[in-house]
Protein chains: 2
Amino acid sequence: MLATSPQTSARLPVSPALFGQMRAETLPALRPQVAPQNRMNFTDGQEIFAEGDDAAHVYEIVSGAVRTSKLLSDGRRQIDAFHLAGDIFGIELGAEHRFSADALGDVTLIVRRRVSFTARAGEDPAAARDLLTSTMRMLERAQDHLVLLGRKTAMEKVGSFLLSLMERSNGGDHLELPMSRLDIADHLGLTIETVSRTLMELQRKQAIEFAPCSRAIIVKNKGMLRRMAE
Amino acid sequence: MLATSPQTSARLPVSPALFGQMRAETLPALRPQVAPQNRMNFTDGQEIFAEGDDAAHVYEIVSGAVRTSKLLSDGRRQIDAFHLAGDIFGIELGAEHRFSADALGDVTLIVRRRVSFTARAGEDPAAARDLLTSTMRMLERAQDHLVLLGRKTAMEKVGSFLLSLMERSNGGDHLELPMSRLDIADHLGLTIETVSRTLMELQRKQAIEFAPCSRAIIVKNKGMLRRMAE
DNA sequence: CGTTGAGTTGAGCCGTCTCAATCCCGGTGG
DNA sequence: CCACCGGGATTGAGACGGCTCAACTCAACG
C-alpha cells in the first residue's frame, strides 16, 4: 500500500475499510450469501457492506455496534448513525446500499434476505407496521441530527451525543463508547482534535470522568451535561 | 411588539411565526378541524402547524411549497426540508408534531385525518407500501442532507442545494426559489450573508444568473455547478 | 417620498480546523 | 522483565472559513 498519508482526520485516503479486511467486493465468498435467517460475526473495523453494493440483505444487531457512513470523493466522511443491539439497518428503497457499514468491535448480526423480509411485510400487516415504525424512528433520529449538525456548537454537539447514547444504551451513568474519537468526529461534523478537547473540557468541568480504558466514560453530572447540550 | 432585535440571522427572537399570523393554538377555529379529504389554502409565512401541536392530520401539497423546521431554545433554527407539490408531510410516529410547518408563498393542501390515513394503510397493502416508500424517500433525503451539513463547505452546500432543487422542480434551467435567503441559510447551516455571498460568487463565475425578480435563478453552467457542489 | 423588508457588501472577529509534537498504553520480541 | 513499537488520544500554536455587526442598495407600498 502506497499511502503514507495521515488518515487521522476526516480526510481518509480512499478505502473505507483500511483497518479491517480487504474490500469484500473482491472476495464475494465472504459476502453473506448464506441461508436466510442466519447469524454472522464481524470483528473491529470489518466491513459489512459498502456504499454501492447490491442491497440483497437486511441486518439486525444481536450484540455489538455498527456505524453506517458515506464518503465524499475526497475522503471526507459522514457517519449518519451508530446502530446498537436490537437495531435494524441496511434497508433500502433502491437496488444498492447508499451507505457503507462497518463493525465497531465484535458484532453479531442476524442476516435476512431482503426479498423474504419485504415479502413478509407485504403479507403481514403487523410486520408492515413494524417496518414502518422502524423506518420512522430512523427518520426521527436523522432529523434530530440535522439540527445538531446545522446549528449546534462543538460543546452542544458532544453533549447531545453523550446524552443520546445514554438514552439508548441502558448502562446508567456508565457509558461504554464502542467507537473511536475519529468516529465521533465524523458523526458530529467535527475533527478528532475538537472532540478530544471538548471531552477534556467536560471532564475539567466535572460533568464526566474517564474510566481507565478511556473508551469508557462515567457521567458525573447529567444536569450540567444537559445544560451544555443546548 | 417589543423586539427590535436583528431577526435576520439564525437567531430569531422567539416566535416561529413572526411573519405569519398569530400562533394558531390560540385560534383553534383556524385549525384544520374539517371534514376529511379537504383542501386548505395558506399564504406566505402562515403557520400550518407548530412543533408540539397535536398531530391529528397529514398534509399533501397540491401546489406551492412548505418548510418544516425545528427551533432551539435560543431561536436558532434548522429547516429540515422544503416540501413541493406532490409531497406529503406531517406524518408522525408519536402524538405530537416534532416540527413546525409554514407556507412559502401561496399553498394549497389536501388535509387528511391521521386516523383514516393510517387505517387505510393498515388495510390496504398498496397504501401501506406507498406510505413506507414516502417515508423512506424522506429518510434518504435527510441522510444526504446530513453529509451536506456535516462535511461540505459553504460553496458545496449552496451548489448541492441548487442542483437538488433543479431535480425536484421540473423547470429545466429556470429555478423559481420559493424561499428567502434566510430560509436557505437555515436549511444549509449557514448565515444569510454567506448564502448571499456564495450565490454572488456563483454568478461571478457564470454558473448561474439572476432573473430580474432575484428569487428566480437561471442555471447557465450545470457542469460547473456540479463540480462546485463537491 | 418616507418607510419597510429583503438582499448585498465590507471589515473584523472567533470557533473550529490544520499541522505538528507529545503522551499513553497495550502488544511484541529480546 | 524490560525496551521498543504503533496506533489512538491529547495538547499546543497558528491559520482560516464562515460568523457578526453594520452600512448600504433596491424595490414594493402606502
Side-chain angles (χ1 to χ4, degrees), chain A residues 1 3-12 18-20 44-45 74-77 104-105 148-158 177-186 188-204 208 210-217 228, chain B residues 1 3-13 18-20 44-45 74-77 104-105 148-158 177-186 188-204 208 210-217:
Chain A
M1 173 147 306
T4 45
S5 38
Q7 201 250 10
T8 47
S9 82
R11 228 151 277 230
L12 297 174
L18 266 188
F19 2 74
D44 190 37
D74 65 353
R76 280 173 291 175
R77 185 177 67 157
L104 296 166
L148 180 146
L149 289 175
R151 287 295 176 221
K152 290 192 177 179
T153 65
M155 179 59 81
E156 292 167 343
K157 286 177 176 181
V158 172
L177 300 181
M179 71 291 287
S180 70
R181 300 287 190 267
L182 178 56
D183 289 327
I184 298 175
D186 284 348
L188 302 181
L190 298 171
T191 58
I192 189 174
E193 294 94 334
T194 300
V195 170
S196 181
R197 276 186 257 265
T198 308
L199 285 172
M200 287 293 134
E201 173 79 14
L202 282 172
Q203 185 189 32
R204 214 169 306 123
I208 64 173
F210 291 98
C213 53
S214 149
R215 277 288 181 93
I217 282 175
M228 320 227 39
Chain B
M1 175 148 309
T4 45
S5 37
Q7 203 252 7
T8 47
S9 81
R11 229 152 278 228
L12 298 173
L18 265 186
F19 1 74
D44 190 35
D74 64 353
R76 283 174 289 175
R77 184 178 66 155
L104 296 167
L148 180 147
L149 289 175
R151 287 296 177 220
K152 290 191 178 180
T153 64
M155 180 57 83
E156 291 168 343
K157 286 177 176 180
V158 172
L177 299 181
M179 71 292 287
S180 71
R181 300 287 190 266
L182 178 57
D183 289 327
I184 298 175
D186 284 348
L188 302 181
L190 297 170
T191 58
I192 188 174
E193 294 95 334
T194 300
V195 170
S196 181
R197 275 186 257 265
T198 307
L199 285 172
M200 287 293 134
E201 173 79 15
L202 282 172
Q203 185 188 32
R204 215 168 305 121
I208 64 172
F210 290 98
C213 51
S214 148
R215 278 286 181 96
I217 282 175

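This structure is a prediction, so every number in the text was calculated from the model and none was measured. Below, read A as the first sequence line, B as the second, and so on, with proteins coming before strands; counting in each chain starts at 1.
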(Q) Can you measure B:L149 atom CG to D:dG18 atom C1' for me and round it to whole angstrom units? (A) 15 Å
Q) So how far is it from A:I192 CD1 to A:L190 CG, rounded to the nearest 0.5 Å? A) 11.5 Å
Q) Could you give the angle between the helix axes at the two ends of the helix from C:dC1-D:dG30 to C:dG30-D:dC1, with five pairs per end, rounded to 10 degrees? A) 20°
Q: Please state how far atom CD1 in B:I184 lies from atom C1' in C:dG7, giving the value in whole angstrom units.
A: 11 Å
Q | Rounded interatomic separation in angstrom, taking CG from B:D186 and P from C:dA6 | A | 13 Å
**Q.** Between C1' of D:dT10 and CD1 of A:I217, the distance in whole Å
**A.** 14 Å
Restricting both atoms to N or O, compile the protein contacts to nucleotides 9-16 of chain C shorter than 3.5 Å, with distance only.
from, atom 1, to, atom 2, distance (Å)
C:dG10, N7, B:R197, NH1, 2.8
C:dG10, O6, B:R197, NH2, 3.3
C:dT16, OP1, A:A154, N, 2.9

Q.
Rounded to whole Å, please give me the gap between CD in A:E201 and C1' in D:dG12.
A. 15 Å
Q. Rounding to a whole Å, what distance do you find between A:Q203:CD and D:dA9:C1'?
A. 13 Å
Q) Taking all non-hydrogen atoms of both residues, which atom of B:I184 and which atom of B:M179 are closest, and how far apart? A) CG1-CG, 3.6 Å
Q. Excluding sequence neighbours, so at least two apart, what forms side-chain contact (heavy atoms from CB on, under 4.5 Å) with B:R197?
A. B:E193
(Q) Please report the distance, rounded to the nearest Å, between CZ in A:R76 and P in D:dG17. (A) 13 Å
Detail all sub-3.5 Å separations between protein N/O atoms and N/O atoms belonging to nucleotides 22-28 of chain C.
none

Q. With sequence neighbours excluded, what pairs up with A:S180 under the side chain to side chain donor-acceptor pair (under 3.5 Å) test?
A. A:D183
**Q.** Partners meeting side chain to side chain donor-acceptor pair (under 3.5 Å) with B:T194 (sequence neighbours left out)
**A.** B:T191
Look for any protein N or O under 3.5 Å of an N or O in nucleotides 24-30 of chain D and output each such pair with its distance, or none.
none

Q: Quick one: pull up CG in A:L182 and CZ in A:R77 and give me the separation to the nearest 0.5 Å.
A: 5.0 Å
Q. Roughly how many Å is it from CZ in B:R215 to P in C:dG5, rounded to a whole number?
A. 14 Å
Q | Under the side chain to side chain donor-acceptor pair (under 3.5 Å) test, residues paired with B:E201 that sit two or more places apart | A | B:R204, B:K205
**Q.** Interatomic distance, A:L177 atom CG to A:L199 atom CG [nearest 0.5 angstrom]
**A.** 8.0 Å
(Q) For a quick test of reading the model, state the closest non-hydrogen atom pair linking B:M155 to B:L202 and the distance between them. (A) SD-CD2, 3.7 Å
**Q.** Side-chain donor/acceptor of A:R76 to backbone N/O of B:R151, under 3.5 Å
**A.** yes
Q | For A:V195 against A:R181, the heavy-atom pair lying closest together | A | CG1-CD, 4.0 Å
